[in-house]
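The next block holds one structure in the form of structure tokens; read it before the comments.
Each residue takes its place number in the sequence, starting with 1.
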Amino acid sequence: MSELPPGGSTTNRLLAAASPEILAAVMSAVVLTVAALVFLRPPGNAVLPPAGSGSPSAVGTIRPTTTPPAATSSSSATPSSPAWASIARSLVDADVRLIVARDRLADLVGSQTVQTSDIARELRSINPTLSLTVDLVAGLDDAGAPPLLVADLRTAHGDALDASLATLQASLSNPAAYEAGARKVVAALADLEALGASLSDAALPGSAGAP
């Protein structure tokens, strides 16, 4: 073992006493340590994700879930109208006019001062509507409306039209014939409200019923 040279610091004395091989090994270790620190150190601008945050690529990919709209119950659907509903609606509208005319005719017959000409005028004004309703009832029958209801409607409108036409054939000088004929028309149309309600219930779901 080499003796340490006298004088100088302990470090200098150790370096002087060390062999060239030892110095080379020490320098190599220092260089390797510095190189490792340089390569393992993260870039200056890099920001490491916090622990447990998962892959950075997963950030921002979560989308909110949407709740699908609730299905509408088929039991709450409005019932569909039959094919003859439009004919029924026209008949109900016409019967509203007939009810007004019927009540007016009844007032004339019940008056003490009734004139034959007044009854004749009222019958002439009601006949076009009666003819229309007879045709509409026939259309209901052809379209497949309930047979019993069609029969009642045919009787009411048909009898009223027949009585009106027959009355107008009498002479204006025969007031008794006009009064009797007017009473027949009023009686034939007496059940129009009930018939209209039945027709509305059958053909027009959700309607108000009687005209």
Next on the checklist: Among residues at least two apart in sequence or on other chains, which ones pass salt bridge (charged side-chain N to carboxylate O under 4.0 Å, His left out) with Asp141?
Outcome noted: Arg154
Item to check | Nearest atoms (heavy-atom pairs only) where Gly181 meets Ala163 | outcome: O-CB, 4.3 Å
Item to check | Connected via hydrophobic side-chain network under 4.5 Å: Leu192 and Val109 | outcome: no
Checklist entry - Under 4.5 Å between any side-chain heavy atoms of Leu149 and Leu153, yes or no? => result yes
Item to check | Residues that Arg97 engages under salt bridge (charged side-chain N to carboxylate O under 4.0 Å, His left out), provided they are two or more places apart | outcome: none
Item to check | Arg104 and Asp107 ion-paired at < 4.0 Å | outcome: no
Checklist entry - Measuring from Arg121:CZ to Thr116:OG1, what's the distance to the nearest 0.5 Å? => result 11.0 Å
Checklist entry - When hydrophobic residues are tied together by side-chain contacts of less than 4.5 Å, even through go-betweens, does Leu165 share a cluster with Val185? => result yes
Item to check | Pairwise distance CG(Leu98) to CG(Asp103) - rounded to 0.5 angstrom | outcome: 11.0 Å
Checklist entry - Does anything in residues 156-172 pair up under side chain to side chain donor-acceptor pair (under 3.5 Å), and if so which pairs, sequence neighbours excluded? => result Asp95-His157, Asn127-Ser164, Ser171-Ser173
Item to check | Between CG on residue Leu172 and OG on residue Ser117, distance to nearest 0.5 Å | outcome: 7.0 Å
Item to check | Exercise: identify the closest heavy-atom pair between Ala94 and Thr129 | outcome: O-CG2, 3.8 Å
Checklist outcome for this item: Residues passing the salt bridge (charged side-chain N to carboxylate O under 4.0 Å, His left out) test with Arg124, sequence neighbours excluded, are none
Checklist entry - What closest approach, in Å, do Ala182 and Ile119 show between heavy atoms, and which atom pair accounts for it? => result CB-CG2, 3.8 Å
Checklist entry - Considering residues at least two apart in sequence or located in another chain, which fulfil the side-chain contact (heavy atoms from CB on, under 4.5 Å) criterion with Ala143? => result Trp84, Ile87
Item to check | Shortest non-hydrogen contact from Pro82 toward Ala203 | outcome: CD-O, 3.5 Å
Item to check | From Asp191 atom CG to Asp152 atom CG, the distance as rounded to the nearest 0.5 Å | outcome: 8.5 Å
Item to check | Shortest non-hydrogen contact from Ile126 toward Ala101 | outcome: CD1-CB, 3.6 Å
Item to check | N-O pairing of Glu122 and Arg102 below 4.0 Å | outcome: no
Checklist entry - Heavy-atom distance under 4.5 Å between the side chains of Leu189 and Leu130, does that happen here? => result yes
Next on the checklist: Set out, in order, the CA-CA distance, both residues' side-chain angles and the distance that settles side-chain contact (heavy atoms from CB on, under 4.5 Å) for Val114 and Tyr178, then state yes or no.
Outcome noted: CA-CA 10 Å; Val114 60; Tyr178 274 83; over 6 Å; no
Next on the checklist: On a heavy-atom basis, which atom in Ala156 and which in Leu195 lie closest, and how many Å separate them?
Outcome noted: CB-CD1, 3.9 Å
Item to check | Asp118 side, atom CG; Ser111 side, atom OG - distance, nearest 0.5 Å | outcome: 8.5 Å
Item to check | Those residues that, when tested against Glu179, pass salt bridge (charged side-chain N to carboxylate O under 4.0 Å, His left out) (two or more places apart) | outcome: none
Checklist entry - Do Val137 and Leu91 touch side chain to side chain, with heavy atoms closer than 4.5 Å? => result yes
